[in-house]
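Reviewing the structure listed below.
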Amino acid sequence: MKLRTYIVEDNATIRENLIDTLEELADVTAIGTAETENDGKAWLTKNPKDWDLAIIDLFLRQGSGLGVLEACRHRNQAQKMVVLSNYATPDVRIRCAQLGVDAVFDKSNEIDALVDYCIKHGEGDRSVA
């Protein structure tokens with residue numbers, strides 16, 4: 001099952017590389033992207049039945065990924081939200097957990113873990129956290 005994935009990332013190079021990697025290795029379909037908090041919140045909340053996974057960076061061109069996470073806090077239980085950030089510190093991980101994030105991955109050394117997460121979620125393993 002292809003994961004319909006929405007990506008909120010303001011760096012075009014990272015965004016395109018991430019899409020290419022996930023579509024090749026994890027059976028993910030990128031259904032849209034946003035570069036700002038407002039655009040990410042707007043699309044995800046106005047299209048609640050159109051996505052399975054959202055991948056959110058914390059530092060955006062406008063606003064913060066934390067605002068996107070807050071806006072989607074009451075999503076369907078099957079929908080997953082993960083953070084992919086260069087700032088995956090213990091404090092950031094705690095704050096993200098408080099906002100209901102399903103997982104946090106560090107851009108610099110946890111891309112393989114993100115791919116594995118996507119594969120397992122796509123297979124229907126809802127126990128992945």
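This is a predicted model, so every value here is computed, not measured. One is the number of the first residue; the rest follow in order along the sequence.
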Using distance alone, with no hydrogens and no angle criterion, decide if Thr89 and Asp91 have a side-chain donor and acceptor under 3.5 Å apart. no
Can you list the steps and then say if Arg73 with Leu99 is a side-chain contact (heavy atoms from CB on, under 4.5 Å)? CA-CA 6 Å; Arg73 225 176 155 169; Leu99 291 171; 4.2 Å; yes
Closest non-hydrogen atom pair, Leu60 against Ser64: CD1-C, 3.7 Å
Examine distances only and state if a side-chain atom of Glu9 and a backbone atom of Ile55 form a donor-acceptor pair shorter than 3.5 Å. no
Is Leu18 reachable from Leu58 through a run of I, L, V, M, F, W or Y residues, each pair having side-chain heavy atoms under 4.5 Å apart? no
For the side chain of Gln79 and the backbone of Asn76, is there at least one donor-acceptor N/O pair under 3.5 Å apart? yes
Worked check of side-chain contact (heavy atoms from CB on, under 4.5 Å) between Asp106 and Ser85: CA-CA 5 Å; Asp106 191 307; Ser85 176; over 6 Å; no
When the ring planes of Trp43 and Tyr6 are compared, do they come out parallel, tilted or perpendicular, using 30° and 60° as the limits? parallel
Using a 3.5 Å distance criterion without hydrogens, assess whether the side chain of Thr5 forms a donor-acceptor pair with backbone atoms of Leu3. yes
Ignoring hydrogens, what is the shortest heavy-atom contact between Tyr117 and Ala103? Give both atom names and the distance. CE1-CB, 4.1 Å
Hey, does Leu22 have a side-chain heavy atom less than 4.5 Å from the side chain of Val115? yes
When you group the ILVMFWY residues by side-chain heavy-atom contacts below 4.5 Å and let the links chain together, are Phe59 and Leu69 in the same group? yes
Under-4.0 Å salt bridge between Lys107 and Asp57: yes
Passes side-chain contact (heavy atoms from CB on, under 4.5 Å), Val68 versus Met81? Steps please. CA-CA 10 Å; Val68 178; Met81 294 195 80; 4.3 Å; yes
Below 4.0 angstrom, N of the basic side chain to O of the carboxylate: do Glu35 and Arg15 qualify? yes
For Cys96 and Val104 the tightest heavy-atom approach is CB-CG2, 3.7 Å
Rounded to the nearest 0.5 Å, the CG atom of Asp39 sits from the CZ atom of Arg61 at a distance of 10.5 Å
Ignoring hydrogens and angles, tell me if any N or O in the side chain of Gln62 forms a donor-acceptor pair with the backbone of Asn38 under 3.5 Å. yes
Is there a side-chain contact between Asp10 and Thr36, using heavy atoms and a 4.5 Å cut-off? no
Closest non-hydrogen atoms of Ser108 and Asn86, given as atom of the first, atom of the second and distance, are N-OD1, 4.2 Å
I'd like to know if Ile7 and Ile14 are part of one continuous hydrophobic network [Ile/Leu/Val/Met/Phe/Trp/Tyr, side-chain heavy atoms within less than 4.5 Å]. no
Asp102 side chain to Val82 main-chain N or O, any donor-acceptor pair under 3.5 Å? no
For Ile111, which of Leu25, Leu84, Asn17 qualifies under side-chain contact (heavy atoms from CB on, under 4.5 Å)? Leu84
Following the transitive rule for hydrophobic clusters with a side-chain heavy-atom cut-off under 4.5 Å over Ile, Leu, Val, Met, Phe, Trp and Tyr, establish whether Val101 and Leu44 coincide in one cluster. yes
Less than 4.5 Å apart, side chain to side chain, heavy atoms only: is that true for Leu53 and Cys118? yes
Co-membership, hydrophobic cluster, residues Val8 and Ile19, 4.5 Å side-chain: no
Test side-chain contact (heavy atoms from CB on, under 4.5 Å) applied to Val83 and Leu66, step by step: CA-CA 9 Å; Val83 168; Leu66 295 174; over 6 Å; no
For Gly65, does its backbone N or O pair with a side-chain atom of Glu37 as donor and acceptor, under 3.5 Å? no
Would you please test Arg4 and Glu23 for salt bridge (Lys or Arg N to Asp or Glu O under 4.0 Å) and show each step? CA-CA 10 Å; Arg4 299 169 301 162; Glu23 287 185 342; over 6 Å; no
Can you see which heavy atom on Thr29 is nearest to which on Lys2, and at what distance? OG1-CD, 2.9 Å
Distance (rounded to the nearest 0.5 Å) between Glu24 CD and Thr21 OG1: 7.0 Å
